[in-house]
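A quick write-up on the structure given underneath.
Quantities reported herein were computed from a predicted structural model and do not represent experimental measurements. Sequence positions, counted from 1, serve as the residue numbers for this chain.
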Amino acid sequence: MATGQGNLTTYGANALLNATVTIGGGTFYVALFTSDPTTAGDTTNELSGGGYARQPVTFPTASAGSVSNSSDITFAPWTGATETETFIGLMDAATGGNMIVRVASNPSETLTSGANDEIIIKAGTLTFSLVSYNG
């Protein structure tokens, strides 16, 4: 019997990503956080107020072990106190719900009080891939 760590094939990685991005009909929401929500999916430090709301996101079919947003994700102009957004979470509901995955923002974005700053995540730039995939 073989033991040890294996690697997903391209087909396996794409199949798992496609299954993930179609959970619950494939409707997901992007959430913004001021600190790491950890693997527990803690939403305590999610932005709130100031015109903030999670934004819907859709993904095309995975390719080469990764999947990226298919259109721009635009958050309303920020009207709250100054905050720095450092993490992005993929959520299964517009409010509440569960976090599917999190990623550190690169770069982080500072939303300045009174400046009506806006965060736009351009199509193809929010990418998720499988860590153990070696394509």
Side-chain angles (χ1 to χ4, degrees):
M1 174 159 73
T3 60
Q5 182 177 346
N7 293 316
L8 289 169
T9 64
T10 301
Y11 173 83
N14 291 339
L16 287 172
L17 285 167
N18 288 331
T20 300
V21 298
T22 57
I23 293 171
T27 302
F28 289 98
Y29 298 85
V30 175
L32 305 176
F33 296 87
T34 59
S35 64
D36 186 354
T38 74
T39 57
D42 181 7
T43 59
T44 303
N45 294 313
E46 182 175 1
L47 290 177
S48 64
Y52 170 79
R54 293 177 186 173
Q55 295 300 304
V57 61
T58 56
F59 296 96
T61 302
S63 176
S66 68
V67 64
S68 300
N69 57 311
S70 56
S71 59
D72 289 356
I73 304 164
T74 303
F75 289 84
W78 180 251
T79 59
T82 298
E83 297 276 4
T84 300
E85 171 272 323
T86 60
F87 273 81
I88 297 170
L90 184 64
M91 310 297 292
D92 66 1
T95 60
N98 303 289
M99 186 177 298
I100 305 301
V101 66
R102 78 194 197 296
V103 63
S105 300
N106 186 14
S108 60
E109 297 285 339
T110 298
L111 302 167
T112 305
S113 178
N116 288 323
D117 290 336
E118 188 174 67
I119 291 180
I120 300 172
I121 301 171
K122 295 291 189 183
T125 62
L126 182 60
T127 301
F128 298 103
S129 58
L130 294 173
V131 174
S132 63
Y133 169 70
N134 290 325

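- Note on Leu17 and Met91: separate hydrophobic clusters, where clusters join Ile, Leu, Val, Met, Phe, Trp and Tyr whose side-chain heavy atoms are under 4.5 Å apart, directly or indirectly.
- Remark: Asn45 CG to Phe87 CZ distance equals 11.0 Å, nearest 0.5 Å.
- In this structure, a donor-acceptor pair under 3.5 Å is present between the side chains of Thr84 and Thr110.
- Taking CD from Glu83 and OG from Ser48, the interatomic distance works out to 7.5 Å, rounded to the nearest 0.5 Å.
- For Leu126, the side-chain contact (heavy atoms from CB on, under 4.5 Å) test picks out Val30, Asn69, Ile73, Ile88, Val103, Ile121, Phe128, with sequence neighbours left out.
- In this structure, Phe75 CZ and Asp117 CG are separated by 14.0 Å, a value rounded to the nearest 0.5 Å.
- With Thr82 contributing its side chain and Ser113 its backbone, the two residues share a donor-acceptor pair below 3.5 Å.
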With a cut-off of 3.5 Å and sequence neighbours excluded, list every side-chain donor-acceptor pair involving residues 49-60.
{"residue": "Tyr52", "atom": "OH", "partner": "Leu32", "partner atom": "N", "Å": "3.0"}
{"residue": "Tyr52", "atom": "OH", "partner": "Glu46", "partner atom": "OE2", "Å": "2.7"}
{"residue": "Arg54", "atom": "NE", "partner": "Glu46", "partner atom": "OE2", "Å": "2.9"}
{"residue": "Arg54", "atom": "NH1", "partner": "Ala93", "partner atom": "O", "Å": "2.8"}
{"residue": "Arg54", "atom": "NH1", "partner": "Gly96", "partner atom": "O", "Å": "2.7"}
{"residue": "Arg54", "atom": "NH2", "partner": "Glu46", "partner atom": "OE1", "Å": "2.9"}
{"residue": "Arg54", "atom": "NH2", "partner": "Gly96", "partner atom": "O", "Å": "3.4"}
{"residue": "Gln55", "atom": "NE2", "partner": "Ala53", "partner atom": "O", "Å": "3.0"}
{"residue": "Thr58", "atom": "OG1", "partner": "Ser70", "partner atom": "OG", "Å": "3.0"}

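- At least one side-chain heavy atom of Asn116 sits less than 4.5 Å from a side-chain heavy atom of Thr79.
- In plain terms, the two heavy atoms of Pro37 and Met99 that are nearest each other are CB-CE, 3.5 Å.
- In this structure, Leu90 and Phe28 approach most closely via the heavy-atom pair CD1-CB, 3.5 Å.
- The side chain to side chain donor-acceptor pair (under 3.5 Å) pairs that include a residue from residues 93-102 are Asp36-Arg102, Asp92-Asn98, where partners are two or more places apart or lie in different chains.
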After noting the C-alpha distance and the side-chain angles of Ser105 and Thr86, does the key distance pass the side chain to side chain contact (heavy atoms under 4.5 Å, CB included) rule? CA-CA 5 Å; Ser105 300; Thr86 60; 5.5 Å; no

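- Taking CZ from Phe33 and OG1 from Thr44, the interatomic distance works out to 9.0 Å, rounded to the nearest 0.5 Å.
- Contact record, Ser108 with Glu85: CB-O, 3.1 Å, taken as the closest heavy-atom pair.
- Leu111 and Ile120 fall into different hydrophobic clusters, where Ile, Leu, Val, Met, Phe, Trp and Tyr side chains are chained together by heavy-atom contacts under 4.5 Å.
- Taking every heavy atom of both residues into account, Ala13 and Gly65 meet most closely at CB-CA, 3.8 Å.
- Of the possible donor and acceptor atoms, one in the side chain of Asn18 sits under 3.5 Å from a partner among the backbone N and O of Ala62.
- Taking both residues in full, the closest heavy atoms of Asn14 and Ala64 are given as OD1-N, 3.4 Å, listed atom of the first, atom of the second, then distance.
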